[in-house]
There are 2 protein chains.
Amino acid sequence: MARKQGSHAETTAPKVRDAALRLFARHGYAAVSMRQIAQEVGVQAGALYRYTPDKQHLLFDLMRSHMEALFEARQAYAQPSDPLARLDAFTTFHIRFHLQRVDAVFVSYMELRNLSPENFAEVARLRSRYEGELEAILRDGVAAGVFEIADCKITTLAIIAMLTGLTTWYREGGRLPLDEITALYVRMVRGAVGVV
Amino acid sequence: MARKQGSHAETTAPKVRDAALRLFARHGYAAVSMRQIAQEVGVQAGALYRYTPDKQHLLFDLMRSHMEALFEARQAYAQPSDPLARLDAFTTFHIRFHLQRVDAVFVSYMELRNLSPENFAEVARLRSRYEGELEAILRDGVAAGVFEIADCKITTLAIIAMLTGLTTWYREGGRLPLDEITALYVRMVRGAVGVV
DNA sequence: GTCTATAACGAGATAGAC
DNA sequence: GTCTATCTCGTTATAGAC
């Protein structure tokens with residue numbers, strides 16, 4: 001017996017990534033075997049190696065494409081010129097994007113230790129590039145006299161941690177609609193940069 | 001053959017916990033074997049079961065005692081009556097405590113998924129009790145007309161996420177001394193609650 | 001009685017030959 | 001794909017040293 005049907009590479013590849021992401025998020029990278037991923041996809045373990053050189057690369061791919069999707073989505077977003085409007089837009093964008101990919105956010109943060117040094121360096125580079133975008137907004141706002149910030153680098157990290165933290169507790173159908181929650185965060189971020 | 005020396009329960013017990021915490025933080029709960037922990041302690045795997053009923057309970061114990069140490073340390077801290085002073089004290093306390101226990105913080109957040117439902121419920125209870133302490137400060141500040149907060153619950157979660165995020169990047173001997181970093185966060189937290 | 005080394009179980013993962 | 005031998009896991013049983 002060989003294969004059951006014709007070519008499936010195009011549908012199988014994303015299935016592998018989806019299954020790996022879900023399993024990594026739920027059980028942790030180290031706890032998930034290639035066999036488990038294969039079973040989830042509906043193929044034999046060996047077949048996975050048509051789509052990834054190894055398990056490590058699979059993890060790296062998930063993190064890298066998460067970051068790439070982040071940049072792509074951000075470019076599709078409106079970029080006002082006014083610093084305060086840009087900050088508000090960043091806040092809104094960050095929340096919406098990350099809430100749609102809770103698994104990827106969790107894995108990208110938790111499994112950094114399981115990346116090889118080179119892969120870690122690449123993910124760290126992408127991450128600090130993203131942080132740089134917020135930092136640039138903050139610096140422009142300070143230069144324009146709109147923000148009051150003692151240290152733009154640390155303020156950047158603090159804001160991103162605050163916003164991303166939302167992914168750990170937000171549930172659809174909760175006490176408040178997402179629009180209202182977002183408005184609350186927009187206001188808190190403004191406060192953190194000294195806008196009254 | 002049996003034992004090499006006399007009684008060691010009192011020194012071995014904390015060694016087991018220390019080793020488990022360090023290994024769980026570095027490699028993840030699922031990736032760490034009881035044999036690895038035993039080797040780190042300098043004992044055979046079977047001997048670990050003198051100190052824990054099973055691996056799951058070991059993880060739970062680490063998380064629970066992390067929370068208990070948190071409450072204990074907090075009680076030793078000064079509790080001013082002025083809402084703003086209390087908020088500042090909370091910020092300072094939270095940063096200092098969590099920076100001293102980075103491994104426990106990481107494990108407590110990351111390995112929640114590996115707790116049994118009952119153990120998870122207990123840890124969640126302790127955690128929300130701690131959040132309640134900050135929330136109470138915020139409510140008092142609002143009542144006193146000092147803070148301007150639209151939603152105390154969400155503001156609490158946002159502030160804690162912002163502060164705890166510090167543990168992911170802070171390194172001793174970095175660009176700024178901890179005192180200055182703390183001062184920056186005190187200011188940002190103030191801003192987030194509408195204090196100018 | 002207290003503590004630990006040793007050995008072993010059953011389950012599941014893994015590696016390699018076919 | 002499949003079979004098999006081997007490894008590793010959490011955990012238990014037991015017996016010997018303090």
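Computed over heavy atoms, backbone and side chain alike; hydrogens, waters and symmetry mates excluded.
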With [X], which residues qualify under ring pair (Phe, Tyr, Trp, His ring centres under 6.0 Å), at least two apart?
{"X": "A:Y130", "answer": "A:F90, A:H94"}
{"X": "B:F93", "answer": "B:Y77, B:F97"}
{"X": "B:Y185", "answer": "none"}

Please confirm whether the shortest side-chain N or O distance from B:T12 to OP1 or OP2 of C:dT4 is below 4.0 Å.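 For C:dT4, OP1/OP2 do have a side-chain N/O of B:T12 under 4.0 Å.
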Do the charged groups of [X] and [Y] touch, with an N to O distance under 4.0 Å?
{"X": "B:R22", "Y": "B:E40", "result": "yes"}
{"X": "B:R190", "Y": "B:D88", "result": "yes"}
{"X": "A:E131", "Y": "A:R127", "result": "no"}

Under 3.5 Å side-chain donor-acceptor pair for B:S65 and B:R17: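 Yes, B:R17 and B:S65 have a side-chain donor paired with an acceptor closer than 3.5 Å.
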Pick out the pairs of N or O atoms, protein on one side and nucleotides 7-11 of chain D on the other, that lie under 3.5 Å.
{"residue": "D:dG10", "atom": "OP1", "partner": "B:V32", "partner atom": "O", "Å": "3.2"}
{"residue": "D:dG10", "atom": "OP1", "partner": "B:M34", "partner atom": "N", "Å": "3.4"}
{"residue": "D:dG10", "atom": "OP1", "partner": "B:K55", "partner atom": "NZ", "Å": "3.0"}
{"residue": "D:dG10", "atom": "OP2", "partner": "B:M34", "partner atom": "N", "Å": "2.7"}
{"residue": "D:dG10", "atom": "N7", "partner": "B:R35", "partner atom": "NH1", "Å": "2.8"}
{"residue": "D:dG10", "atom": "O6", "partner": "B:R35", "partner atom": "NH2", "Å": "3.0"}
{"residue": "D:dT11", "atom": "OP2", "partner": "B:Y49", "partner atom": "OH", "Å": "2.9"}
{"residue": "D:dT11", "atom": "OP2", "partner": "B:K55", "partner atom": "N", "Å": "3.0"}
{"residue": "D:dT11", "atom": "O5'", "partner": "B:Y49", "partner atom": "OH", "Å": "3.4"}

Residues touching DNA chain D, which here means a heavy atom under 4.0 Å, drawn from residues 17-28 of chain B: none
Sequence neighbours excluded, which residues qualify as salt bridge (Lys or Arg N to Asp or Glu O under 4.0 Å) partners of A:R64?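 Here the qualifying residues are A:D61.
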Measure the distance from NZ on B:K15 to C1' on C:dT4 and round it to the nearest whole Å.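 Result: 13 Å.
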